[in-house]
Amino acid sequence: GAVVSQHPSWVICKSGTSVKIECRSLDFQATTMFWYRQFPKQSLMLMATSNEGSKATYEQGVEKDKFLINHASLTLSTLTVTSAHPEDSSFYICSAKGGGWNEQFFGPGTRLTVL
Amino acid sequence: GNSVTQMEGPVTLSEEAFLTINCTYTATGYPSLFWYVQYPGEGLQLLLKATKADDKGSNKGFEATYRKETTSFHLEKGSVQVSDSAVYFCALRGYGQNFVFGPGTRLSVLP
């Protein structure tokens with residue numbers, strides 16, 4: 001089946017620094033990628049949708065200047081959390097759609113802790 | 001807007017016990033309904049889905065029936081195994097819309 005990977009699986013950073021999270025579709029071309037955020041014991045909340053080669057579409061309430069999304073190729077999307085603060089600590093999950101499937105395939109998630 | 005409510009966990013069962021995880025939803029129109037499972041250290045995997053009222057999704061011994069009259073999509077399995085220990089997410093997606101997920105229910109099955 002289709003596999004989506006994320007890197008890193010967990011990261012700890014200092015407040016004020018930027019962190020980049022990668023999402024890769026390993027065996028298919030992802031025309032659309034999605035970024036979710038999950039707080040403890042809460043739902044996955046969609047942050048943004050990105051189509052390869054175009055700007056991401058952000059959900060209401062998500063700061064686009066803080067969460068920079070780049071979908072430069074059909075197998076890679078990146079989420080950069082700029083000037084991270086402790087309240088940005090969360091579990092970030094990406095998913096990808098493409099390869100002729102109508103289904104989304106999810107990555108394993110990245111746990112971000114900002115000190 | 002659309003929303004999904006799941007029973008709070010964690011749910012702890014003995015092996016071979018019967019499992020029910022309740023899921024109810026609020027949506028306009030006729031969404032598709034899904035159950036995803038997340039095993040430790042892995043991504044969400046589609047477990048089963050149903051696209052219209054009275055459809056039954058099934059996979060790996062799990063079943064769920066799309067009940068429009070009660071706006072529910074409860075997940076059931078007749079005999080759970082230790083390997084079923086995971087977090088289960090109920091979700092819906094309206095036509096042309098994005099997923100809306102429930103908060104997840106952690107299941108622990110003891111040998």
Side-chain angles (χ1 to χ4, degrees), chain A residues 1-10 21-28 30-51 56-62 69 77 79 90-97 99 101-111, chain B residues 1-12 21-27 31-52 55 57 59-60 73 75 86-108:
Chain A
V3 179
V4 175
S5 70
Q6 283 184 239
H7 178 80
S9 55
W10 60 271
I21 302 169
E22 293 185 348
C23 176
R24 292 181 185 273
S25 57
L26 298 186
D27 49 5
F28 69 101
T31 50
T32 306
M33 285 186 167
F34 306 82
W35 285 96
Y36 295 83
R37 183 173 179 177
Q38 185 181 23
F39 292 101
K41 298 183 180 180
Q42 294 189 30
S43 302
L44 280 72
M45 301 298 295
L46 180 65
M47 299 174 66
T49 303
S50 72
N51 294 298
T57 302
Y58 289 80
E59 295 298 300
Q60 193 172 14
V62 177
I69 292 172
S77 176
L79 167 67
S90 192
F91 197 55
Y92 294 88
I93 300 173
C94 74
S95 70
K97 183 174 150 182
W101 294 300
N102 193 34
E103 184 181 336
Q104 285 185 35
F105 300 96
F106 287 82
T110 297
R111 183 163 301 283
Chain B
N2 296 345
S3 66
V4 175
T5 303
Q6 284 181 242
M7 62 188 292
E8 287 192 25
V11 174
T12 302
I21 301 178
N22 289 339
C23 171
T24 56
Y25 68 91
T26 301
S32 294
L33 302 176
F34 305 80
W35 276 101
Y36 279 85
V37 58
Q38 185 176 32
Y39 298 104
E42 298 183 19
L44 274 70
Q45 300 173 26
L46 178 64
L47 181 60
L48 53 85
K49 68 179 181 182
T51 58
K52 61 182 188 295
D55 267 3
N59 186 25
K60 299 181 181 179
F73 193 53
L75 181 68
V87 181
Y88 292 82
F89 292 90
C90 185
L92 68 81
R93 187 175 65 194
Y95 181 77
Q97 299 177 351
N98 292 311
F99 276 104
V100 175
F101 287 90
T105 302
R106 183 175 298 278
L107 170 66
S108 295

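Sequence lines set the chain letters: A, B, ... in the order given, protein chains first and strands last, and positions in each chain run from 1. Treat the numbers as computed from the prediction; the structure is a model and nothing was measured.
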What part of [X] is in contact with chain B, defined as an atom under 4.5 angstrom from a non-hydrogen atom: side chain, backbone, both or neither?
| X | value |
| --- | --- |
| A/L46 | side chain |
| A/E59 | side chain |
| A/S95 | neither |

Does atom CE (A/M45) have a neighbourhood of more than 12 heavy atoms from anything else shown, all under 6.0 Å?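 Incorrect, the count does not exceed 12.
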
Ring centroids only, cut at 6.0 angstrom: are A/F34 and B/F101 within range, meaning strictly under it?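 So the answer is no for these two rings.
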
Residue part contacting chain A, namely of [X], when any heavy atom lies under 4.5 Å:
| X | value |
| --- | --- |
| B/Y36 | side chain |
| B/R106 | neither |
| B/F89 | side chain |

Pair count under 4.5 Å, heavy atoms only, with chain A: among B/Q6, B/R93, B/E8, B/Q45, highest is B/R93

To the closest 0.5 Å, what do you measure between CG (A/L44) and CG (B/N98)? 12.5 Å

Inter-residue atom distance A/I93.CD1 - B/L44.CG, 0.5 Å rounding: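 So the CD1 of A/I93 and the CG of B/L44 are separated by 5.5 Å.
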
